[in-house]
Amino acid sequence: MKILRTPADLKAALQAHSGTIGFVPTMGALHSGHRALIAAARQENDIVVVSIFVNPTQFLAGEDLDAYPRRIEADEKICELSGVDYLFYPEVSQMYGRDEVTVCAPDVRGYILEGTSRPGHFSGVLTVVNKLLNIVAPDRAYFGKKDAQQLMLIETMVNNLFMRVEIVPCETVRDDDGLALSSRNAYLSPEEREEALKIPRALKRATKLVMQGVTRSDRIVAEMTAVLEPLEVEYAVVVDRRFAPAEHVEIGNTIILVEALVGTTRLLDNVWI
Ligand code: AMP
């Protein structure tokens, strides 16, 4: 595995290859969720590129940019053992200059749900993903369904800007107790972690209701809200795959999403129905 620190070096290295390129962008502190994306990329491509970049433009003032877990040595080992060919690990100054052109998230779908509490977050995400896709020029790029709104907005960007990469959605990987893996789980105290389990429990409850034939979104949301108590719930919603609010669950076209604060840690999770 080669570790490259500049866009020019990575571009030059990749130009020497003729096979397909699979790309997994991350912010590091890698866990089994990231490893599942890397494994999918490894299976479907000749070359696998992983990036680790804690992107400052997707953090709002006062968020956890400085505190975000950084574990580059462990991450290098995980990448090496996962069969990654190139690890791209740039400095901020390699990715951003002054007076930049940026990508704007769509006015509506970039500013609902997670975009409500984090206005501008998704513009930062799309800007950095656009840059990374231009540097790597992959055939396929792998993203987790756990960040469903992010995935939908990246797919929208790729369509709207006529980009030629294939976006591959990957299933959410969970711990044995059901909690979706996230680099931010490292912030949770043991008690908070216990509280956080209400999130996957609420989604399980929702899934069970759907399996029992309940389709009304208001009923499902009410039951989820009861399970989530006393967490501070930012949203618990039923949307269609385009993120329009849905009054009824429609099998194959619904996502049920939850975002809740556990202590000061904001956790997201969802199920695709
Ligand atoms: P992050 O490093 O948190 O920015 O995540 C990098 C990629 O890994 C994103 O596409 C995430 O959606 C994905 N990811 C994060 N957590 C999980 C998980 N538990 N299961 C599957 N994919 C995940």
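Atoms within each ligand, like the ligands themselves, are counted from 1 in listed order.
Of the heavy atoms in Leu151, none comes closer than 4.0 Å to ligand 1. In Lys146, the part holding a heavy atom less than 4.0 Å from any atom of ligand 1 is the side chain.
With no hydrogens or angles considered, no side-chain donor-acceptor pair links Glu76 and Tyr89 at under 3.5 Å.
Side chains of Leu181 and Asp175 form a contact here, defined as non-hydrogen atoms less than 4.5 Å apart.
Of the candidates Gly144, Cys170, Pro25, it is Pro25 that places a heavy atom closest to atom 6 (C) of ligand 1. The heavy atom nearest to atom 20 (N) of ligand 1, considering only Leu30, Ile38, Val173, Asn55, is found in Val173. Residue nearest to atom 14 (N) of ligand 1, selected from Asp147, Thr26, Ile167, Asp175: Asp147 (by heavy-atom distance).
Between Ala180 and ligand 1, not a single N/O pair is under 3.5 Å apart.
Listed for the Gln43 side chain is no donor-acceptor partner under 3.5 Å among the backbone atoms of Ala40.
Glu223 and Arg219 are joined by a salt bridge, as a carboxylate oxygen and a charged side-chain nitrogen come within less than 4.0 angstrom of each other. Ion pairing between a basic and an acidic side chain is recognised when a charged N comes within 4.0 Å of a carboxylate O; Arg242 and Asp240 show no such pairing. By the 4.0 Å N-to-carboxylate-O rule, Asp177 lies too far from Arg201 to be salt-bridged with it.
The single protein non-hydrogen atom nearest to atom 4 (O) of ligand 1 is Met27 CG, 3.6 Å, given as residue, atom name and distance. With hydrogens left out, the protein atom closest to atom 5 (O) of ligand 1 is His34 NE2, 3.4 Å, a heavy atom.
Under a hydrophobic clustering in which Ile, Leu, Val, Met, Phe, Trp and Tyr are joined whenever their side-chain heavy atoms come within less than 4.5 Å, directly or via other members, Val173 and Leu188 fall into different clusters. In terms of hydrophobic clustering, with Ile, Leu, Val, Met, Phe, Trp and Tyr side chains grouped at heavy-atom distances under 4.5 Å, Phe88 and Ile21 are assigned to a common cluster. Under the 4.5 Å side-chain heavy-atom criterion for Ile, Leu, Val, Met, Phe, Trp and Tyr, Val84 and Ile78 are members of the same hydrophobic cluster.
When each atom of ligand 1 is checked for a heavy atom of Leu181 under 4.0 Å away, the hits are 16 (N), 17 (C), 18 (C), 19 (N). Residue Leu37 approaches ligand 1 through these ligand atoms, each under 4.0 Å from one of its heavy atoms: 7 (C), 8 (O), 10 (O), 13 (C), 22 (N). Residue contact check: Thr172 has heavy atoms under 4.0 Å from atoms 20 (N), 21 (C) of ligand 1. Counting the atoms of ligand 1 from 1 in the order shown, those under 4.0 Å from a heavy atom of Phe143 are 10 (O).
For Glu171, the heavy-atom gap to ligand 1 drops under 4.0 angstrom. Residue contact check for ligand 1: His31 places a non-hydrogen atom closer than 4.0 Å to it.
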